[in-house]
Amino acid sequence: MPEGHSVHRLARQFTDVFGGRRIRTTSPQGRFTEGAARMDGQVLEAARAHGKHFFADLADGHVLNVHLGMYGAWSFGGDERFDAASSIGAPRRIGEREVHADGAAAAEPDRDDDGWVLPPPPVPTVRLRVRAEHGWADLIGASTCRLLTPAEASDVVAKLGPDPLNDDDPAPFLDLAGRTRRPIGTVLMDQAAVGGIGNIFRAEALFRAGLDPWRPSNDVPREVLRGLWSDNAELMREGVRLGRIVTTRPEHRPGVPAEQAWPEHANYVYQRQGSPCLVCGQDAIVVEEMAARKLYRCTVCQR
DNA sequence: TAACTATGCCAAG
DNA sequence: TTGGCCTAGTTAC
């Protein structure tokens with residue numbers, strides 16, 4: 001379920017917590033036993049993201065590649081040095097819904113004989129558990145979890161479109177979008193066209209641009225496509241900063257202070273069918289199906 | 001307790 | 001275009 005911003009946050013937290021450190025790895029579920037054995041005892045150099053793909057580079061040259069798919073999530077835990085290391089506020093869970101520690105002071109965690117923080121017993125579905133001295137991470141539900149060679153990892157990236165969060169050149173997206181007559185709503189979700197946009201950013205960016213998602217992509221002027229790219233980049237960067245997707249402008253959040261961290265009306269159209277549009281006020285937000293996914297739009301504002 | 005849903009993607013037809 | 005798949009939470013009965 002996570003869109004690109006979550007995966008970039010994940011890569012940052014991973015680098016903060018595990019980067020340059022020796023790790024121990026297991027696969028309690030048993031579906032990644034070989035990979036976990038190969039990773040075990042290595043130094044994790046750094047983690048990175050492209051679109052919705054996560055990569056972690058290991059000292060022996062192998063690359064851990066994870067795609068969370070629809071249901072994947074990472075859970076984290078650790079001691080005070082784990083909290084201090086995380087530049088994004090040490091979320092406890094990154095996946096379908098991000099969760100932070102509640103305010104209560106955490107008890108001093110248990111440690112093993114080597115003095116490493118001891119995680120709780122894993123739930124049976126943990127595909128991969130990563131431990132370092134000060135923190136740990138559990139992966140569940142991922143659609144992809146595998147070890148690649150650097151060449152294989154490059155191939156994965158090469159098949160993806162440019163990623164706004166990596167400051168990539170948008171030209172490949174503009175070119176592809178400019179020559180296909182598939183609906184612009186489909187093209188924005190196509191990971192080979194642009195990396196990291198999912199169902200929420202797709203719906204919200206098209207609303208903000210006043211574009212009908214069903215409009216043929218090659219009918220959208222290049223300058224408008226360029227605007228879609230930069231608006232998505234902005235929304236996704238804000239998503240990385242906040243750890244959640246907020247796409248409404250403050251003036252469209254009636255009665256909610258602009259600086260409020262968790263605004264009530266965070267989105268314009270996503271899952272707002274049947275509610276009045278925050279811009280035109282009409283009961284015009286509909287949900288339809290596009291390429292087997294829910295498509296939300298305002299029939300008044302988007303044409 | 002079962003049914004349903006979800007920010008995704010792939011392969012088969 | 002459809003079915004399958006990965007999992008957990010929420011809602012319905």
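Sequence lines set the chain letters: A, B, ... in the order given, protein chains first and strands last, and positions in each chain run from 1. Computed from a predicted structure; not experimentally measured.
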Separation of Arg244(A) atom CZ from dA6(B) atom C1', in whole Å? 17 Å
SB check Asp175(A) Arg222(A) (cutoff 4.0 Å): yes
Parallel, tilted or perpendicular, as decided by the 30° and 60° cut-offs, for the rings of Phe54(A) and Trp74(A): tilted
Rounded distance in Å between the P positions of dC9(B) and dG9(C): 22 Å
Pick the P atom in dC4(B) and in dG3(C), then give their distance to the nearest Å. 15 Å
When Tyr296(A), Phe201(A), Phe207(A) are each screened for side chain to side chain contact (heavy atoms under 4.5 Å, CB included) with Tyr270(A), the one that passes is Tyr296(A)
Round to the nearest Å and state the distance from Trp74(A) atom CH2 to dC6(C) atom P. 18 Å
Between dA8(C) and dC10(B) - C1' atom distance, rounded Å: 22 Å
Might you list the N or O atoms of the protein lying below 3.5 Å from N or O atoms in nucleotides 9-13 of chain B, with each pair's distance?
{"residue": "dC9(B)", "atom": "OP1", "partner": "His67(A)", "partner atom": "NE2", "Å": "3.1"}
{"residue": "dC9(B)", "atom": "OP2", "partner": "Lys52(A)", "partner atom": "NZ", "Å": "3.4"}

Any carboxylate oxygen within less than 4.0 angstrom of a Lys/Arg side-chain nitrogen, looking at Asp114(A) and Arg131(A)? no
Verify the contact: side-chain N or O of Thr125(A) to OP1 or OP2 of dA8(C), cut-off strictly under 4.0 Å; return yes or no. yes
d(CG, Leu295(A); P, dG8(B)) in whole Å: 13 Å
Counterpart residues, side-chain contact (heavy atoms from CB on, under 4.5 Å), relative to Ala73(A) (two or more places apart): Arg93(A), Glu96(A), Ile140(A)
Rounded to whole Å, CD of Gln271(A) lies from P of dG9(C) at a distance of 17 Å
Touch check for Arg31(A), heavy atoms < 4.0 angstrom, all strands: base, sugar-phosphate only, or nothing? sugar-phosphate
Tyr270(A) has an atom OH; how far is it from atom C1' of dG8(B), in whole Å? 12 Å
Would you indicate what Glu204(A) reaches in the nucleic acid, counting non-hydrogen atoms under 4.0 angstrom: base, sugar-phosphate, or nothing? nothing
So what does Glu98(A) hit on the nucleic acid, given a heavy-atom distance under 4.0 Å: a base, only sugar-phosphate, or nothing? nothing
Please report the distance, rounded to the nearest Å, between CZ in Arg127(A) and C1' in dC6(C). 7 Å
Nearest-neighbour nucleotide for the Glu3(A) side chain, dA8(C), dG8(B), dA6(B) considered: dG8(B)
Tell me the interatomic distance from Leu128(A), atom CG, to dT7(C), atom C1', rounded to whole angstroms. 16 Å
Rounded distance [0.5 Å steps], CG in Asp16(A) versus OG in Ser87(A): 3.5 Å
Residue Met70(A), side-chain atoms from C-beta onward, closest of dC6(C), dA8(C), dG8(B): dG8(B)
Would you sort out whether Arg127(A) and Gln29(A) count as a side chain to side chain donor-acceptor pair (under 3.5 Å), showing the intermediate values? CA-CA 5 Å; Arg127(A) 180 89 50 88; Gln29(A) 178 196 48; 2.8 Å; yes
How long is the line joining CD of Gln29(A) and C1' of dA8(C), in whole Å? 14 Å
